Protein chains: 2
Amino acid sequence: MEYYKIDEVARKTGLTKRAIRYYEEIGLFQPAKRSEGGIRLYTDEDIQQLKRMSEIREVLGFSLQEIRRFMELTEELEAHRRGYRQSDVPEKQVEELKEIRDTVTRQLDMIRYRMKKMTQFKQELEELLDRVNKGLARRENQ
Amino acid sequence: MEYYKIDEVARKTGLTKRAIRYYEEIGLFQPAKRSEGGIRLYTDEDIQQLKRMSEIREVLGFSLQEIRRFMELTEELEAHRRGYRQSDVPEKQVEELKEIRDTVTRQLDMIRYRMKKMTQFKQELEELLDRVNKGLARRENQ
DNA sequence: GAAAAAATTAACGTTAACGTCAAGGTTAAT
DNA sequence: ATTAACCTTGACGTTAACGTTAATTTTTTC
């Protein structure tokens, strides 16, 4: 497998090196491994995940704490599928699933609300742009 | 006309009193007027505008600086319509209109990009929610 | 008109998310 | 085996957007 050092990861993700190290510092994202000398090494999958985190932050405006929760959801569900489906205490499983469901539901509500509002802003801006363009055309036809 | 004091404005907009005063402090938003004794008085229109600013911040993640620019756009266009349509130097008018057009175009691009990404996240979450619900149903049918 | 309730300014505090050195260790290229 | 280029870990600095507290004024209510 191929490994990348932090500078290339920064270029490929659009994050700064400092940000990537910071995410590790607060326990948000660990590199695939380190070299003998302690240099951070990342895989392509790592890069995809960092990109995803960056997009979530940019688009949804999540804090890093919220992103952590968001990323955990996928993981938790994966765990449910594989691991302790048969093993663990059933009650605890249901509780966990319900909590996931509630979190996801809240996030979906928020996304729907924002998309609705965004559509409004978009329309307003499109009308505004239209008026501006008409004003410009009028001035150039003279 | 009816006037409201800051406490009521805060309740009606969802902003805190501190935030409202801060917006004034940085020159982002001025109340309609003050009382003799210096107490801030707001109109219904003020409240609508504050609500709008709050939504822009929440949904688009704009900084207060960006919100200022955003609010100025509408105003500038208003000015163009009424005031110096005939009076001012035509060259300057065209420059201003072009700048507005460019700003709005950039904002629209950004909104379209975000809505696209949001739609993706929404789909992912809906699928995830689906799987969670199926998991829960399976557990309750036993 | 006195007391309570709410408003004002001023000023310092807080938090997240990095930016920016500095001092030193690792790796790659000659 | 040197450099040069890149990496590491501290550790302190910065910025936006308020929160909080305190000391005074204004307004409202009884």
Side-chain angles (χ1 to χ4, degrees), chain A residues 1-43 46-47 49-72 110, chain B residues 1-43 46-47 49-72 110:
Chain A
M1 211 191 305
E2 203 178 345
Y3 289 105
Y4 308 91
K5 281 182 282 184
I6 199 166
D7 193 72
E8 193 162 358
V9 176
R11 282 209 321 284
K12 289 195 176 182
T13 59
L15 294 166
T16 66
K17 294 192 275 183
R18 178 61 171 106
I20 298 170
R21 290 200 192 99
Y22 179 66
Y23 292 175
E24 184 178 347
E25 197 180 318
I26 63 170
L28 183 58
F29 185 82
Q30 310 297 324
K33 63 173 211 172
R34 297 254 190 161
S35 77
E36 289 279 310
I39 285 178
R40 279 167 254 255
L41 297 172
Y42 301 86
T43 65
D46 285 349
I47 292 176
Q49 206 175 340
L50 282 170
K51 254 190 197 161
R52 185 144 192 277
M53 287 165 44
S54 169
E55 281 174 356
I56 291 173
R57 202 169 138 51
E58 197 187 357
V59 173
L60 302 182
F62 277 20
S63 72
L64 298 185
Q65 281 297 326
E66 289 168 321
I67 290 178
R68 184 204 304 270
R69 186 81 190 100
F70 193 92
M71 304 301 277
E72 277 170 6
M110 189 260 284
Chain B
M1 210 190 306
E2 202 179 345
Y3 289 104
Y4 308 92
K5 282 182 282 182
I6 198 164
D7 193 72
E8 193 162 357
V9 176
R11 282 208 322 281
K12 288 194 176 182
T13 60
L15 294 165
T16 66
K17 295 192 274 183
R18 178 61 172 109
I20 297 171
R21 291 200 190 98
Y22 179 67
Y23 293 175
E24 184 179 347
E25 196 181 320
I26 64 171
L28 182 59
F29 186 82
Q30 309 298 325
K33 65 173 210 172
R34 296 254 190 162
S35 76
E36 290 279 310
I39 284 179
R40 279 166 253 257
L41 298 172
Y42 301 85
T43 64
D46 284 349
I47 292 176
Q49 206 174 341
L50 282 170
K51 255 191 196 160
R52 186 147 191 275
M53 288 165 44
S54 168
E55 281 175 356
I56 291 173
R57 202 168 138 52
E58 196 187 358
V59 172
L60 302 181
F62 278 19
S63 71
L64 298 184
Q65 280 298 326
E66 289 168 323
I67 289 177
R68 183 204 304 271
R69 186 82 189 98
F70 192 92
M71 304 301 277
E72 277 170 6
M110 188 260 284

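Proteins get letters first, then strands, A, B, ... in listed order; numbering begins at 1 in each. Just so it is clear, the model here is predicted, and its values are computed rather than measured.
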**Message:** Treating primed atoms plus P, OP1 and OP2 as sugar-phosphate and everything else as base, which nucleotides of nucleotides 24-30 of chain C get B, S or - for protein heavy atoms under 4.0 Å?
**Reply:** --SS---
**Asked** Over how many whole Å does the gap from B:I26 atom CD1 to D:dA17 atom P extend?
**Response** 7 Å
**Message:** Treating B:R40 as the side-chain partner and B:I20 as the backbone partner, does any N or O pair qualify as donor plus acceptor under 3.5 Å?
**Reply:** no
**Fill in**
In whole angstroms, the gap separating C1' of C:dT15 from CG of A:L64 amounts to 12 Å
**d(CG, B:L41; P, C:dA6) in whole Å** = 16 Å
**Message:** Please tell me if A:R68 has a side-chain N or O lying less than 4.0 Å from either OP1 or OP2 of C:dA16.
**Reply:** no
**Message:** Using a strict threshold of under 4.0 Å (side-chain N to carboxylate O), is an ion pair present between B:E58 and B:K51?
**Reply:** no
**Message:** Once you measure the plane-to-plane angle for A:F29 and A:Y42, does it fall in the parallel (<30°), tilted (30-60°) or perpendicular (>60°) bin?
**Reply:** parallel
**Message:** Strictly distance-based, threshold 3.5 Å: is any side-chain N or O of A:E66 a donor or acceptor partner for the main-chain N or O of A:S63?
**Reply:** yes
**Minimum side-chain heavy-atom gap A:V9-A:L50 below 4.5 Å** = yes
**Prompt:** Can you tell if the side chain of A:K17 reaches within under 4.5 Å of the side chain of A:K5, non-hydrogen atoms only?
**Reply:** no
**Message:** Check this for me, if you would: do B:R21 and B:E24 make a salt bridge, where the nitrogen-to-carboxylate-oxygen distance has to be below 4.0 angstrom?
**Reply:** no
**Message:** Below the 4.0 Å mark, does D:dA17 have OP1 or OP2 next to a side-chain nitrogen or oxygen of B:Y23?
**Reply:** no
**Request:** Would you check if the side chain of B:R34 reaches a backbone N or O of B:I39 as a donor-acceptor pair within less than 3.5 Å?
**Result:** no
**Request:** Could you state the atom-to-atom distance from CD of A:E25 to P of C:dA17 in whole Å?
**Result:** 13 Å
**Item:** Length of the CD-P vector between B:E8 and C:dA5, whole Å
**Value:** 19 Å
**Fill in**
Taken to the nearest whole Å, OH/B:Y22 to P/D:dA16 is 7 Å
**Asked** Is a salt bridge present between B:E55 and B:R52, judged by a nitrogen-to-oxygen distance below 4.0 Å?
**Response** no
**Asked** Which residues in residues 10-21 of chain A have at least one heavy atom lying under 4.0 Å from any atom of DNA chain D?
**Response** A:K17, A:R18, A:R21
**Length of the CD-P vector between B:E24 and C:dA10, whole Å** = 12 Å
**Chi angles and distances behind the side-chain contact (heavy atoms from CB on, under 4.5 Å) call for B:L41, B:Y4** = CA-CA 5 Å; B:L41 298 172; B:Y4 308 92; over 6 Å; no
**Request:** Report the C-alpha distance between B:F62 and B:M110 in whole Å, list the side-chain angles of each, state the deciding distance to 0.1 Å, and finish with yes or no for side-chain contact (heavy atoms from CB on, under 4.5 Å).
**Result:** CA-CA 11 Å; B:F62 278 19; B:M110 188 260 284; 3.2 Å; yes
**Item:** Selection: residues 55-63 of chain A, any non-hydrogen atom under 4.0 Å of DNA chain D
**Value:** none
**Complete:** Here the distance between atom P of C:dA6 and atom CD1 of B:I6, to the nearest Å, is 14 Å
